[in-house]
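Here the structure comes first, spelled out in structure tokens, and everything after it is commentary.
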Amino acid sequence: MDSKVKKTTGFGSKNKKEKIKDGFEERVVQVRRVTKVVKGGKQLHFRAIVVVGDKKGQVGVGVGKAKEVIAAVQKSAVNARRNIITVPMTKYLTFPHRSDGDYGAAKVMLRPASPGTGVIAGGAVRIVLEMAGVENALGKQLGSKNALNNARATVVAVQKMRQFREVAEDRGIPMEELWK
């Protein structure tokens with residue numbers, strides 16, 4: 001059993017699963033009906049893509065399949081919590097620099113934006129950025145329109161980003177030297 005789900009049993013209650021509050025919010029990106037053809041006919045399942053985030057710089061993307069929609073969403077939320085990453089942000093709640101990410105045929109371009117701009121992005125990219133807590137950013141999906149690959153490409157683009165502080169430490173120079 002997963003550590004995030006508490007099982008309660010007792011007199012007069014059937015097996016219930018309660019969610020323990022861990023500070024993460026969930027947003028369903030997509031629920032899709034998928035079938036597998038077997039000897040007896042077609043087997044129907046559902047695939048859910050869920051993004052979890054605390055809106056303070058932590059975000060994760062997960063996918064899960066089950067015979068029922070609710071079970072698929074729960075599985076994908078657990079999977080997303082296992083794949084949490086930290087988003088580098090500036091004091092204006094935007095990115096430190098431009099970044100591109102690829103996953104499969106999906107390409108995502110992320111750019112910082114000035115305060116008051118908001119999140120200008122579409123589809124899965126917007127959901128990932130909002131759940132991460134980014135308030136000012138520009139995002140563009142290039143190539144594929146597949147929601148799962150675009151969400152994962154966004155995560156790849158975010159993982160490539162580095163804070164100015166980290167770059168200065170790697171080069172062994174003070175931060176003021178970066179802008180000369």
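Only this structure's heavy atoms are used, side chains among them; waters, hydrogens and symmetry mates stay out.
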Looking at [atom1] of [X] and [atom2] of [Y], how far apart are the two atoms once the value is rounded to the nearest 0.5 Å?
X	Y	atom1	atom2	result
T117	L93	OG1	CG	12.0 Å
R111	L138	CZ	CG	6.0 Å
N149	Q141	CG	CD	10.5 Å
T86	Q58	OG1	CD	4.0 Å
M109	D102	CE	CG	12.5 Å

Assess whether atom CG of L44 is packed by more than 12 heavy atoms of other residues, nucleotides or ligands within 6.0 Å.
yes
Mind checking whether [X] and [Y] sit in one hydrophobic cluster, side chains of I, L, V, M, F, W, Y counted as touching below 4.5 Å?
X	Y	result
I127	V158	yes
Y103	V29	no
V51	F24	no

Identified side-chain contact (heavy atoms from CB on, under 4.5 Å) partner of V108 from the options T154, V155, V156
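Of T154, V155, V156, side-chain contact (heavy atoms from CB on, under 4.5 Å) with V108 is met by T154 alone.
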Throw together a table of side-chain donor-acceptor distances under 3.5 angstrom for residues 159-168, partners on residues two or more places apart or in other chains.
unit_1, atom_1, unit_2, atom_2, d
K160, NZ, D100, O, 3.0
R162, NH2, D170, OD2, 2.2
Q163, NE2, M89, O, 3.2

Residue pairs fulfilling side-chain hydrogen bond (donor to acceptor under 3.5 Å, both in side chains) with at least one residue in residues 29-44, sequence neighbours excluded:
Q30-R47
Side-chain heavy-atom pair [X], [Y] within 4.5 angstrom cut-off:
X	Y	result
V63	V50	no
I85	V61	no
V73	V28	yes
E130	V134	no
L110	L129	yes

Residue pairs meeting salt bridge (Lys or Arg N to Asp or Glu O under 4.0 Å), one or both in residues 53-70, sequence neighbours left out, come to E25-K55
If you compare all heavy atoms of [X] against all heavy atoms of [Y], which two are closest, and at what distance to 0.1 Å?
X	Y	result
F95	P88	CD2-O, 4.1 Å
E177	I173	CB-CD1, 3.8 Å
V87	A132	CG2-CB, 3.7 Å
V52	A77	CG1-O, 4.3 Å
G64	S76	N-CB, 3.3 Å
A121	R126	O-NH1, 3.0 Å

Where the side chain of N136 meets the backbone of A113, is there a donor-acceptor pair that is under 3.5 Å apart?
no
So, N150 side chain and G123 main chain: donor-acceptor pair closer than 3.5 Å or not?
no
By side-chain contact (heavy atoms from CB on, under 4.5 Å), which residues pair with [X], not counting sequence neighbours?
X	value
E176	P174
Y92	T90, T94, P115
K75	A66

Evaluate the side chain to side chain contact (heavy atoms under 4.5 Å, CB included) criterion for residues R81 and D22: first the C-alpha distance (whole Å), next the side-chain angles of each, then the deciding distance (0.1 Å), finally the verdict.
CA-CA 10 Å; R81 281 181 171 83; D22 58 355; 2.8 Å; yes
